[in-house]
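The next block holds one structure in the form of structure tokens; read it before the comments.
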Amino acid sequence: MLVTLEGLDGSGKTTVWERLRADDGVPDDAVFTREPTESWYGDAVQRSIDDPDADSLAELFLYTADHAAHLADTVRPALQDDRLVVSDRYSDSRYAYQGATLADSPHLTDPLEYVREVHEPWTRPPDLTVYLDLDPETAARRSGATNKFETADYLATVRANYERLVEDDPGRFVRVDATQSPEAVYTAVRDALPERL
Ligand SMILES: Nc1ncnc2c1ncn2[C@@H]1O[C@H](COP(=O)(O)OP(=O)(O)OP(=O)(O)O)[C@@H](O)[C@H]1O
Ligand SMILES: Cc1cn([C@H]2C[C@H](O)[C@@H](COP(=O)(O)O)O2)c(=O)[nH]c1=O
């Protein structure tokens, strides 16, 4: 089973991911992973994140290359072995974030749809996605505005894109109110997961 954690910067994904990893109810052989990855593809993504002038289309394909390698070397092999995979960010981050960075592209009429189409023939959709829903102002404050994506204005567009993704695939997403305390958020996430993982 592939479970993904999604949401704005600062919504608490990594906090939940770390608690799940330490949770006795989660199988010992579960694979905890993330995007961007720690591979050289992920390093290339990180360089792009750190470059305020990075080309948005080039950046989309760097993230997408990282996803392709992540699928091939980590996600698919683990699923093949029937292991639980929990990923801190996955393809929806691309649809929501690059859908937003490409919003002004003169070449694309619907950037979010374009990014989905790029993935569709080869990606492996999650079985369940926990969406940690947070307002953009709190997200920007919590994340500390450490990279170019972490501004309330930009995150408002990203959030609108996440809303569209949830609306398009309501059976896959579970929305959790990320303004709650970390404890309440974790309880809600745990309740969203199947009892026997
Ligand atoms: N429910 C919560 N309430 C208040 N603060 C929280 C909550 N969850 C996490 N935080 C704090 O917000 C900050 C960001 O949390 P975290 O790194 O888990 O978010 P994230 O979604 O993984 O962010 P990013 O996408 O930027 O990596 C941390 O300082 C964390 O302690
Ligand atoms: C996977 C992915 C990530 N991003 C953005 C979101 C964050 O601002 C940074 C790094 O992610 P982290 O969770 O804070 O480590 O990258 C993106 O724009 N597109 C993606 O596909």
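Just follow the structure's listing: the first ligand is 1, and inside any ligand the first atom is 1. FYI, side chains are in, hydrogens and waters are out, and symmetry mates aren't considered; it's all heavy atoms of this structure.
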Residue, atom name and distance, where the atom is the protein heavy atom closest to atom 11 (C) of ligand 1: R142 CD, 4.1 Å
Reference residue Y97; test side chain to side chain contact (heavy atoms under 4.5 Å, CB included); the match among L60, V115, L155: L155
Residue part near ligand 2, for I49, under 4.0 Å between non-hydrogen atoms: side chain
Per-residue contact class, N147 against ligand 2 - non-hydrogen pairs under 4.0 Å: side chain
Polar atom proximity, Y90 to ligand 2 (N or O, under 3.5 Å): no
Test of proximity, E35 against ligand 2: N or O pairs below 3.5 Å: no
D88-ligand 1 polar pair, N/O distance under 3.5 Å: no
S11 to ligand 1, any heavy atom closer than 4.0 Å: yes
Ion pair D88/K13, N-O distance below 4.0 Å: no
From T14, T15, T146 - option closest to atom 31 (O) of ligand 1 by heavy atom: T15
Part of Q98 with heavy atoms under 4.0 Å of ligand 2, whether side chain, backbone, both or neither: side chain
Contact check: D9 vs ligand 2, nitrogen or oxygen atoms, below 3.5 angstrom: yes
